[in-house]
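Reckoned from all heavy atoms, side chains included, excluding hydrogens, waters and symmetry mates.
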Amino acid sequence: MTTSSESGDFEGQAFARASFRGATFRSCDLSGVTMRAVDANGLDIDGHDIPFGSLFVNGVDVVPLVEAELNRRYPGRELQHAETPDGLRAGWVAAQAAWAAVVAETPVELRDARVDDEWSLTQTLRHMVLVTDAWLRGGIMRIEQPFHEIGQIFSSAERMGFDMTIFRTDEPSFDEIMAARAERQQMVTDFLADVTPELLAEERDNPWDRGGDWHPTVGDCVRVILEEEWAHLRYAQRDLALLR
């Protein structure tokens, strides 16, 4: 029998001779967890923030190794950290070419298919519209209400008090999604076409926390877009491989 729990604080606790075989941990804080003498055969870890920290396996920080392998698999991915206009432009071109290939290769019957609670390809494409809206239109351009109605927002947004009435509640067609996606892609392309180092260095507010302490630069906002593009591309490919 499968059971689930959406709450629980186990901070600082120790588990000895316990079985977590087949367990799923989703949106859990596992930072600083120590595992000793564990059977980790088939352990599958996937986390967006892993590249920004460390992950030790048998005393070796494997994060640099994982990043190098992902960059090998996705040519141009390393440019998500670019600091120059030319580097960011090249990174954007590479990410969009990779996305175009995935969309073209996905059979129609798999566009809306899902693996467990993960987003489908169409939902992921809608989320990429929202990512562009948040960081380009909201963060960089400072548009007060930057979001397209077709965008797909993260599940916790409503609990955070986000105005969900912005978004459509019906299911848009694939053609509608692709039209909105293409429009937002072109916005990024046009912005990067003549961006200068001086503009990239300008500070902006965090579009998700305008009163917060972090004030990203314009370049940071572009890099977040690129990071999101590559991360969600990988998620989509991961799930599509399981569905085929």
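- In terms of hydrophobic clustering, with Ile, Leu, Val, Met, Phe, Trp and Tyr side chains grouped at heavy-atom distances under 4.5 Å, V131 and Y235 are assigned to different clusters.
- Separating the CD atom in E105 from the CZ atom in R244 is a distance of 7.0 Å, to the nearest 0.5 Å.
- Taking OG1 from T122 and CE from M178, the interatomic distance works out to 11.0 Å, rounded to the nearest 0.5 Å.
- The side-chain heavy atoms of Q152 and F167, taken from C-beta on, include no pair separated by under 4.5 Å.
- Tracing side-chain contacts under 4.5 Å through hydrophobic residues (I, L, V, M, F, W, Y), one never reaches F162 starting from W119; they form parts of separate clusters.
- Of all heavy-atom pairs between H48 and E227, the closest is CE1-O, 4.1 Å.
- Each of L79 and L192 belongs to its own hydrophobic cluster when Ile, Leu, Val, Met, Phe, Trp and Tyr are linked at side-chain heavy-atom distances under 4.5 angstrom.
- Side-chain atoms of R168 do not come within 3.5 Å of backbone N or O of E149 as any donor-acceptor pair.
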Next item on the list: Report the C-alpha separation of F174 and V103 in whole Å, then their side-chain angles, then the decisive distance to 0.1 Å, and conclude whether the side chain to side chain contact (heavy atoms under 4.5 Å, CB included) test is met.
Entry: CA-CA 11 Å; F174 190 72; V103 172; 4.1 Å; yes
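- Atom CD of E11 is surrounded by 12 or fewer heavy atoms from other residues, nucleotides or ligands within 6.0 Å.
- Residue W99 is not grouped with residue V108 when hydrophobic side chains (ILVMFWY) are merged at heavy-atom distances under 4.5 angstrom, including chains of intermediate members.
- Using a 4.5 Å cut-off on side-chain heavy atoms (C-beta onward), F25 and V33 make no contact.
- In this structure, E176 places its CD atom where more than 12 heavy-atom neighbours from other residues, nucleotides or ligands lie under 6.0 Å away.
- At most 12 heavy atoms of other shown residues, nucleotides or ligands fall within 6.0 angstrom of atom CZ in R21.
- The shortest side-chain heavy-atom distance between R223 and L88 falls under the 4.5 Å cut-off.
- Atom OG1 of T189 sits about 11.0 Å away from atom CE of M187, to the nearest 0.5 Å.
- Here CG of L240 is found 9.5 Å from OG of S120. Values are rounded to the nearest 0.5 Å.
- Side-chain contact between I50 and V66 is absent, with no heavy-atom pair separated by less than 4.5 Å.
- Here the closest heavy-atom approach between residue H148 and residue A180 is recorded as NE2-CB, 3.9 Å.
- Residues A95 and E229 approach most closely at CB-CB, 4.3 Å, considering heavy atoms.
- In terms of heavy atoms, C221 sits closest to P216 at SG-CG, 4.0 Å.
- A distance of 5.0 Å separates CG in L121 from OG1 in T106, rounded to the nearest 0.5 Å.
- The cationic atom of R234 (NZ for Lys, CZ for Arg) does not lie both less than 6.0 Å from the six-membered ring centre of Y74 and within 45° of the ring axis.
- Side-chain atoms of N206 and H215 form no donor-acceptor pair, as typed in the model, at a separation below 3.5 Å.
- For D170, the CG atom sits in a packed shell: over 12 heavy atoms of surrounding residues, nucleotides or ligands are nearer than 6.0 Å.
- P75 and W230 get closest at one heavy-atom pair: O-CH2, 3.8 Å.
- Two residues are said to be in side-chain contact when any heavy atoms from C-beta on lie closer than 4.5 Å; V129 and L125 fail this criterion.
- With rounding to the nearest 0.5 Å, the separation of CZ in R77 from CD in E67 is 4.0 Å.
- At most 12 heavy atoms of other shown residues, nucleotides or ligands fall within 6.0 angstrom of atom CE in M35.
- Annotation for D163: atom CG counts as buried by contact number, over 12 foreign heavy atoms lying within 6.0 Å.
- Note on residues 130-140: pairs passing side chain to side chain donor-acceptor pair (under 3.5 Å), not counting sequence neighbours, are D133-R137, D133-R184.
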Next item on the list: Quick one: do I153 and F147 satisfy side chain to side chain contact (heavy atoms under 4.5 Å, CB included)? Show the steps, please.
Entry: CA-CA 10 Å; I153 200 165; F147 298 106; 5.8 Å; no
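- Remark: side-chain polar atoms of R114 are paired, donor with acceptor, to backbone N or O of D117 under 3.5 angstrom.
- Judged by distance alone, the side chain of E228 and the main-chain N or O of L226 form no donor-acceptor pair under 3.5 Å.
- Counting heavy atoms from C-beta outward, D112 and E171 have side chains that stay 4.5 Å or more apart.
- Formation of a donor-acceptor pair under 3.5 Å by the D44 side chain with backbone atoms of D46 is not found in this model.
- Under the 4.5 Å side-chain heavy-atom criterion for grouping Ile, Leu, Val, Met, Phe, Trp and Tyr, I166 is connected to F154 within one hydrophobic cluster.
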Check: Would D239 and T124 count as a side chain to side chain contact (heavy atoms under 4.5 Å, CB included) if you check the C-alpha gap in whole Å, the side-chain angles of each, and the deciding distance to 0.1 Å?
Finding: CA-CA 11 Å; D239 293 346; T124 301; over 6 Å; no
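- Defined by atom type and a distance below 3.5 Å, a donor-acceptor pair is present between the side-chain atoms of D190 and Q186.
- Across all their heavy atoms, V195 and L199 have their closest contact at CG2-CD2, 3.8 Å.
- I177 is listed as a side-chain neighbour of R126, based on a closest heavy-atom distance under 4.5 Å.
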Next item on the list: Using the side chain to side chain contact (heavy atoms under 4.5 Å, CB included) rule, take T217 and L200 through it: C-alpha gap first, then chi angles, then the decisive distance, then the call.
Entry: CA-CA 6 Å; T217 64; L200 290 176; over 6 Å; no
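- Environment of CD in Q13: crowded, with over 12 heavy atoms of neighbouring residues, nucleotides or ligands closer than 6.0 Å.
- Counting heavy atoms from C-beta on, the side chains of E118 and R26 come closer than 4.5 Å.
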